[in-house]
Amino acid sequence: METLKSNTLKIRQGHCPKCGAGRNANVIGSAREQWDDEVLVSKTESYEIYGYETYRLLKCCGCNTIYIQREEWFSEGDDAIITHWPSPARRQRPNWLRELNDNDLRCLLEEVYGALDADYRVLAAIGARTVLDRTMVLNGAKESSWFPQKLAELQEKNVISEHEKVLLEPLIKAGNAAAHQAWKPTPDQLNTIMSVIEGFVHRTLVQGKAVDVLKKDLPPK
């Protein structure tokens, strides 16, 4: 493999773990390994295959995040295959995540996003159900109650409406199916699950506090 080279003046597009795909980055180092091999077709006939692997150390021009880009190509393939590490986020973390006061819930959400990034869809669905459970408890549901009972308790407390209860019920069933029947949701189904859960967490645990602060700052009549 070639020695790591400095390429600070070179710009290349990469998939920044924070900013997303197609972002300009400074190439601050690179190394390439070339290879070749001979493939025997018969005792008298053979042909050569060859390729390379290039590793680049990139620094995002937007947020200064440093990450690795790997480019792989060989003569029997088509276009080069480009991957990145750390793996790009499959779902962006919401900006309000740091505003959650409950450390357990925040850690649970981070683990769910980690499972999504790794494409562990069964674990992500189970984790999403756990996030929902913790959020219901933080909103006043009894920890010992079953999921349907917790929804009913929150409805009685006017934390959720009948409409939101109907939206949350399939999420519980999805988590149960993943946990007990090894059901593997599609990426689109997981996006739906996460959108509803994020909305529920934000509305009940983050937005309400922001509105309380707004009320205090409003001038008297």
Side-chain angles (χ1 to χ4, degrees), residues 16-20 63 65 86-218:
C16 175
K18 292 183 179 179
C19 299
C63 68
T65 295
S87 300
R90 290 177 181 268
R91 186 178 182 86
Q92 292 298 319
R93 278 66 167 166
N95 295 329
W96 47 261
L97 197 59
R98 65 177 69 93
E99 298 178 37
L100 289 173
N101 291 331
D102 187 77
N103 188 59
D104 290 337
L105 179 59
R106 189 167 53 250
C107 289
L108 280 171
L109 277 164
E110 286 289 1
E111 290 194 14
V112 171
Y113 290 121
L116 289 171
D117 291 345
D119 200 29
Y120 296 152
R121 285 179 264 161
V122 174
L123 293 180
I126 297 171
R129 183 190 63 171
T130 308
V131 167
L132 180 59
D133 187 25
R134 180 64 181 169
T135 305
M136 290 192 291
V137 170
L138 291 173
N139 276 290
K142 295 178 182 177
E143 197 164 359
S144 59
S145 297
W146 295 99
F147 282 108
Q149 293 173 321
K150 285 175 180 170
L151 286 177
E153 290 168 11
L154 293 186
Q155 190 177 4
E156 289 176 7
K157 295 175 180 289
N158 293 318
V159 175
I160 61 173
S161 64
E162 176 63 28
H163 173 70
E164 193 167 16
K165 179 173 175 287
V166 171
L167 286 177
L168 295 173
E169 284 173 338
L171 273 57
I172 295 171
K173 293 178 181 178
N176 290 341
H180 304 300
Q181 298 169 273
W183 175 69
K184 187 176 184 178
T186 66
D188 285 344
Q189 288 170 331
L190 270 176
N191 278 333
T192 299
I193 291 170
M194 291 306 299
S195 293
V196 176
I197 284 182
E198 286 172 352
F200 178 54
V201 174
H202 181 257
R203 184 185 67 78
T204 59
L205 298 179
V206 179
Q207 197 173 45
K209 293 180 180 178
V211 171
D212 289 340
V213 172
L214 174 64
K215 289 179 180 177
K216 293 178 182 178
D217 291 340
L218 290 174

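Sequence positions, counted from 1, serve as the residue numbers for this chain. As the structure is a prediction and not an experimental result, all values here were calculated from the model.
Between Leu97 and Glu110 there is a side-chain heavy-atom pair separated by less than 4.5 Å. The closest side-chain heavy-atom distance from Leu205 to Leu105 is below 4.5 Å. Put simply, the side chain of Trp96 reaches to within 4.5 Å of the side chain of Val201, judged on heavy atoms. Considering only heavy atoms from C-beta on, Lys142 comes within 4.5 Å of Glu153 through its side chain. Residues Val131 and Met194 have side chains not in contact (no heavy-atom distance under 4.5 Å, counting atoms from C-beta outward).
Under a cut-off of 6.0 angstrom, the local environment of CD in Glu143 is sparse, with at most 12 non-hydrogen atoms contributed by other residues, nucleotides or ligands. The 12-atom threshold is not exceeded at NZ of Lys18, counting heavy atoms of other residues, nucleotides or ligands nearer than 6.0 Å.
At least one donor-acceptor pair closer than 3.5 Å links the side chain of Gln189 to the backbone N or O of Thr186.
Once rounded to the nearest 0.5 Å, the distance linking CD of Glu164 with CD of Gln155 reads 10.0 Å. Residue Gln207 holds its CD atom at 11.0 Å from CD of Glu99, rounded to the nearest 0.5 Å. Taking CG from Asp133 and CH2 from Trp146, the interatomic distance works out to 11.0 Å, rounded to the nearest 0.5 Å. Note that CD of Gln92 is 10.0 Å distant from OH of Tyr113, once rounded to the nearest 0.5 Å. Atom-to-atom distance recorded for Asp102:CG and Leu109:CG is 10.0 Å, nearest 0.5 angstrom. The CG atom of Leu168 sits 11.5 Å away from the CZ atom of Phe147 when rounded to the nearest 0.5 Å.
Counting all heavy atoms, side chain and backbone alike, Ala141 lies closest to Leu154 at N-CD2, 3.9 Å. When all heavy atoms of Leu151 and Glu169 are compared, the closest pair comes out as CD1-CG, 3.6 Å. Residues Lys150 and Ser145 approach most closely at CE-O, 3.1 Å, considering heavy atoms. Shortest non-hydrogen contact noted between Ala124 and Leu116 is CB-CD2, 3.8 Å. Across all their heavy atoms, Ser195 and Arg91 have their closest contact at OG-NH2, 3.1 Å. The nearest pair of heavy atoms linking Arg98 to Asn95 is NH1-O, 3.4 Å.
Salt bridge present: Arg121 and Asp119 bring a charged side-chain N and a carboxylate O closer than 4.0 Å.
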Table please: side-chain donor-acceptor pairs of residues 172-181 below 3.5 Å, with sequence neighbours left out.
unit_1 : atom_1 : unit_2 : atom_2 : d
Asn176 : OD1    : Arg129 : NH1    : 2.5
Asn176 : ND2    : Ile172 : O      : 3.4

Working note: Val112 + Leu108, criterion side-chain contact (heavy atoms from CB on, under 4.5 Å); need CA distance, chi angles, decisive distance, verdict. CA-CA 6 Å; Val112 171; Leu108 280 171; 5.6 Å; no

